Every structure is written in structure tokens, then in C-alpha cells.
Amino acid sequence: MNKIIECDVLVLGSGASGLATAVTASHQGLKVVVLEKSDKFGGTTARSGGWLWIPCTKEAKAWGHNDTPETVKTYLKHEGGDAYNEERVDSFLKHTSDAYDFFTQKTAVKFDMPLVFPDYHAEAPGGAQGGRSMVTRPFDAKELKSELKHLEPPLPELTIFGMMMGSGAEIRHFMRATRSFESFIYTVKRFGKHFLEVLRYGRGMVLTNGNALAGRLMKSAMDQNITVMRNTAGKELIVENGVVTGVIAQSESNAITIKAKKGVVLAAGGFPHNLELRKKYYPHAVTGKEHWSPMKETNTGDSVQLVKPLNVIQDTHLPHPAAWCPISILPRKDGSTGIMPHFIDRAKPGVIAVNKEGQRFVNEANSYHDFMQGMMKSANIGGDLTCWLICDHKTLRLYGMGSVPPQPLPIHKYLKSGYLKKGATLEELANKCGISSNGLKKSVQRYNELAKTGKDQDFGKGSKAYNRYQGDALLAPNPCLASVSEGPFYAILIRPGDIGTYAGLPVDKHSRVLNSSGQPIKGLFSVGNDATSIMGGNYPGAGITLGPALVFGYQTGLFLAKNKDNNQDLDTDVNKEVA
């Protein structure tokens with residue numbers, strides 16, 4: 001028997017964008033239902049670093065960052081190029097401050113802002129040295145009560161003994177634990193607390209990064225008594241007289257008709273695991289399998305399928321359909337495959353990247369998205385888009401690399417599995433990796449000469465603010481340059497990957513889905529990675545996925561509550577009302 005549920009707003013997806021929409025709409029008095037396809041809530045958000053790019057907030061001003069919407073627009077115009085969408089950027093900037101105030105004042109969501117965290121292209125017009133990226137504050141998992149067991153766990157590759165490390169100041173303490181007494185004490189206390197919690201609760205109870213954001217948003221949803229239906233997927237949109245009025249969903253045992261008076265919001269996480277869409281949009285993924293993603297496996301482009309009968313064409317005008325990220329693959333204890341995103345190790349001094357010919361090809365310290373673009377241009381040899389990260393023994397034990405931890409933690413299992421290659425000499429290492437021996441030796445010799453001068457004249461490693469932020473601040477004159485000279489030497493194979501998709505559904509400034517004629521479909525909205533990114537296919541700074549996810553979730557929830565016919569614009573007074 002088909003079960004029927006009625007609500008005001010139906011949200012498909014329980015990541016940051018979906019829960020942000022749900023919490024905002026519920027706070028405005030609307031009855032909200034959230035569908036989650038899997039058994040776990042949080043989606044890709046729960047696996048992320050938990051950073052959000054939200055410019056022009058009161059918090060930033062309090063830190064002395066006097067940013068303006070005009071400056072931000074200058075930056076996003078530079079980043080977006082021909083794909084820049086001024087209407088949506090204006091909508092984003094109109095709501096950043098109020099969204100920040102709403103979530104931090106009215107919900108369980110809290111952030112911490114580092115004094116300095118530069119945009120990825122801080123030297124570009126409108127770029128900033130700080131005040132735009134913030135990280136989710138750690139969260140006590142006990143506040144989720146019985147829902148904790150349904151929280152999507154972090155990537156195991158980004159934990160140590162199951163412990164999540166905060167991606168801000170905390171990870172720097174871990175990196176410096178053997179060089180700084182303060183960091184050593186911090187690390188010992190943090191591990192001690194974690195192990196005590198494991199003994200008492202069976203797991204660590206300090207949620208950090210994206211796990212903290214997912215947890216805080218779910219706690220906010222719990223406080224609002226929002227219904228979250230897990231193991232329930234949307235299968236078909238209900239359309240009446242051209243208006244989307246609900247969804248036919250499928251749970252583990254029943255078909256369910258869910259009627260939504262105000263609207264349906266698509267927030268299902270994009271298509272990182274849809275092989276057909278990979279084949280279609282990723283030039284390097286001929287079969288779809290030449291690409292890897294650590295994102296939620298159930299993110300398979302469900303929304304793209306749902307809107308097909310409505311004459312909606314997926315937006316493909318962006319120069320890059322996904323947020324590229326180099327990854328490495330390693331075996332897990334349970335026999336599954338781990339996918340490790342390489343966010344910060346490439347910037348460390350003494351780490352270089354080479355292609356099969358043994359040649360450096362990119363500024364290793366650039367953002368993951370930029371690094372991957374360099375791979376696509378110069379590491380695709382014979383149709384095999386891979387490269388290798390290379391370092392010496394001193395560098396490996398000082399900073400770690402990929403999933404390999406720094407000292408004093410052991411590295412034997414990574415050598416045994418083949419994830420980490422080792423050679424007593426560069427020639428031996430090259431032979432084990434299938435790299436040109438002469439090419440590698442020449443590249444290392446040249447790099448070591450540059451390291452002595454502190455200036456990478458070939459690729460500029462360490463020349464940009466973001467490079468230096470991810471380097472080693474204790475090293476001068478260039479925190480990203482040190483020689484590769486003390487054998488044995490090590491290498492990790494790098495493959496193409498992503499941390500989310502950009503090519504989504506076309507939407508207007510109110511997040512209403514547009515048909516092929518550019519007209520909004522009444523009752524249908526899209527946020528998060530289901531909607532086309534406002535970043536123009538580029539990656540301007542830390543948190544440029546989660547920041548807009550939260551802000552557009554807020555804007556959409558507000559719009560649903562205040563616009564009876566889904567056609568009026570929000571005015572300033574209405575916007576301020578909930579802040």
C-alpha cells in the first residue's frame with residue numbers, strides 16, 4: 001500500500017545544503033521532511049574538511065578583515081571568467097552575513113576563523129589574505145544521542161587510530177609534535193582524551209571538520225523536530241499543472257508519496273559516482289573508471305535523472321565539471337579500497353611531483369584543483385594520467401606523505417602493501433615506479449639547486465600566499481622548499497580524482513531549477529552540488545562548496561517561507577527578520 005505524507009517542504013539529501021535549507025525553513029514555521037538515500041546522514045559534507053568560504057561576515061570584520069561585496073565580486077569575476085554568473089553571485093553575497101548570523105545565533109552551528117587563511121589565488125584581483133574561509137568548530141558527539149550511529153563517518157584515511165584531526169591549527173600541532181614541546185603536549189593530551197573516550201563509549205566523541213558540520217546541522221534539525229527519513233530515495237517528481245508538488249519515494253519496504261505544498265529541494269550531492277556522467281564530462285575518464293572520488297558512494301546524480309521529464313538540461317558551460325583533487329589508492333584492513341585526497345602534503349618542503357618521464361610539471365604547493373589541471377596538461381602520457389610524489393627519508397618522517405604518517409608512527413604496512421615505494425637510490429626508486437631514471441635524477445638535481453637559493457624559478461613553489469600557508473612556517477626563507485637528498489627515497493602514485501562535482505542543474509538567483517528555455521519550474525529548487533557551482537569551474541578558496549551550500553540553503557529556506565507564488569524577490573526587511 002502506497003503511504004502518503006504531507007509537508008510544506010521536501011528536501012532530498014542530508015548534507016550541508018539540504019540540512020541548511022531544512023533548518024531555515026523549519027525555523028520559519030514550515031513543516032519539513034528530509035529524505036536520505038543511505039542509512040547515514042551527512043553525505044559528502046561529513047567526509048569533508050568542514051571549511052566554508054563565506055565572505056563579508058561580522059566575524060571577519062571583528063578580526064580586522066574589512067572585506068566588501070564589490071571586492072569579492074572582483075575576485076569571483078576573475079576566477080569565473082566567461083562562466084561568471086553575476087545574478088547568482090549577487091544573491092550569494094546578499095545573504096552571506098545574514099546566513100552566518102542565523103546559523104551561529106539561532107542553531108547549533110558554530111565556526112572558528114583563523115587569523116590568516118588566504119584565498120587560493122590571493123594575489124589575483126580581489127583576492128584576500130584571510131577573512132573568507134572558516135572552519136566548523138569541534139562538536140561533542142554525545143549531543144546527537146541515538147542519531148550518532150547514523151552519522152556518516154569520516155574517511156579512515158584522514159584519521160589516526162580512528163581519531164579525527166581538526167584541519168586547522170590542530171593538524172599543525174600533530175605535524176610539529178616532535179619539534180615543538182607545546183605541540184607535543186597538545187598531541188599527547190588529544191590522543192589521551194581520544195583513547196579514554198574509546199574505552200568509555202567505543203569511539204572518539206570529538207567531531208571535527210565536516211563531521212562536526214554534519215553533526216551540528218543534524219543537532220539543529222533535531223532541535224526543530226525535522227523528520228529525516230533514512231534509506232529512502234526519491235524516484236519520481238510529482239508534477240501537477242506544471243508545478244512540482246511532491247515526490248514518489250522508495251524506502252526499504254514501501255513506496256511513499258510525499259506531497260510538498262511549498263516546494264521540493266534537490267540536494268542529493270551531485271554525480272561523483274555516476275560512471276556514465278563521468279564518461280560524458282571528464283575527458284580523461286574514457287570509460288568512467290579512470291577517475292576516483294572519496295565522496296559519498298551514493299552520490300550518483302539522482303537529481304539529474306529526476307528532472308529529465310521536465311526538460312531540464314544539465315549545465316555544462318563550466319570549463320571544469322568537478323572540483324579536481326589528486327588522490328592515491330591504498331588497501332584497507334577490511335579488504336575495501338581507501339581513497340586518499342592529497343590536500344596539504346604536496347606543499348611541504350622536500351616533496352616534488354614528477355610524471356613518468358621523471359619531469360616536474362607543476363607548482364606542487366598550488367591548490368588540489370590547480371595541481372590536477374597541471375596533471376591533465378603534462379602528466380597524461382600514453383593515455384595514463386598519473387604522476388608520482390617523491391621525497392627523501394627525512395621529509396617523509398618529518399611530515400608524512402599521503403596516508404603515510406610522520407614519525408614516530410611506523411610506515412612498514414604502507415611499504416608492505418606497495419602503497420609506498422622505497423629505493424635506496426633515486427635510480428632504484430625510479431625502476432620500481434616505472435619512471436625514467438635519468439629524468440628523475442635530472443629533476444631532483446635541478447630542484448635541489450633551486451632549494452639552495454630559496455626560489456623555485458621553474459614553477460614558483462612557495463611564491464604564493466596559499467603555498468606558504470601549507471608549507472612549513474618554521475623553515476626559511478621558503479617554507480615550501482628543501483632538498484631531496486637523504487636516501488632512502490620514497491614515492492606514492494597519484495591518480496585523478498575529485499571532491500565533488502560542479503556541473504549541476506541550472507538555477508536562478510532563488511535556486512529555482514530552470515528548464516531549457518531558462519524559465520523557473522515552480523515548486524522545484526536545487527542547492528549544493530546538485531546546482532551549478534557559482535565559482536565558474538574554478539576553486540578560489542577553502543570551503544567554496546560548503547560556504548555556498550550553507551548560504552543558498554538559508555536563502556532557499558527563507559524564500560520558500562516568504563514567497564507564496566515562488567516569484568517574488570526577497571526584500572531586505574524580510575531577510576533581516578530571521579538573522
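In this text, all values refer to a predicted model and were calculated from it rather than measured experimentally.
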**Request:** Check Phe111 against Tyr100 and note the closest heavy-atom contact, atom names and distance.
**Result:** CD1-CE1, 3.6 Å
**Request:** Taking all non-hydrogen atoms of both residues into account, name the closest pair between Val32 and Ser26 and its distance.
**Result:** CG2-N, 3.8 Å
**Request:** Could you check Arg332 against Asp334 for salt bridge (charged side-chain N to carboxylate O under 4.0 Å, His left out), going step by step and ending with a plain yes or no?
**Result:** CA-CA 5 Å; Arg332 292 173 175 165; Asp334 62 2; 5.5 Å; no
**Item:** Distance, nearest 0.5 Å, that separates CG of Asp302 from CG of Asp530
**Value:** 8.5 Å
**Request:** State whether the number of non-hydrogen atoms from other residues, nucleotides or ligands found under 6.0 Å of Lys142 atom NZ is greater than 12.
**Result:** yes
**Message:** Please evaluate residues His27 and Phe102 with respect to the criterion ring-ring contact (aromatic ring centres under 6.0 Å, His included), reporting the C-alpha separation (whole Å), side-chain torsions for both, the decisive distance (0.1 Å), and the verdict.
**Reply:** CA-CA 10 Å; His27 198 274; Phe102 168 70; 5.1 Å; yes
**Item:** For Phe139, ring-ring contact (aromatic ring centres under 6.0 Å, His included) partners two or more places apart
**Value:** none
**Check: His150 and Val228 side chains under 4.5 Å, non-hydrogen atoms** = no
**Prompt:** Where do Asp119 and Trp53 come nearest, in terms of heavy atoms and distance?
**Reply:** OD1-NE1, 2.9 Å
**Fill in**
Of all heavy-atom pairs linking Gly288 and Arg278, the shortest is O-NH1, 2.9 Å
**Request:** Answer yes or no: is there an ion pair linking Glu147 with Lys219, defined by an N-O contact shorter than 4.0 Å?
**Result:** no
**Heavy-atom pair with the smallest gap, counting every atom of Phe271 and Pro321** = CZ-O, 4.3 Å
**Item:** Ser328 versus Tyr419, side-chain donor and acceptor atoms under 3.5 Å
**Value:** yes
**Asked** Heavy-atom distance under 4.5 Å between the side chains of Trp324 and Tyr539, does that happen here?
**Response** no
**Asked** Which of these, Lys40, Lys37, Arg47, sits in a salt bridge (Lys or Arg N to Asp or Glu O under 4.0 Å) with Glu152?
**Response** Arg47
**Message:** Please report the interatomic distance CG(Leu396) to OH(Tyr414), rounded to the nearest 0.5 Å.
**Reply:** 10.5 Å
**Request:** Check Tyr469 against Val116 and note the closest heavy-atom contact, atom names and distance.
**Result:** CE1-O, 3.0 Å
**Asked** Thinking salt bridges, do Asp392 and Lys394 make one under a 4.0 Å N-O criterion?
**Response** no
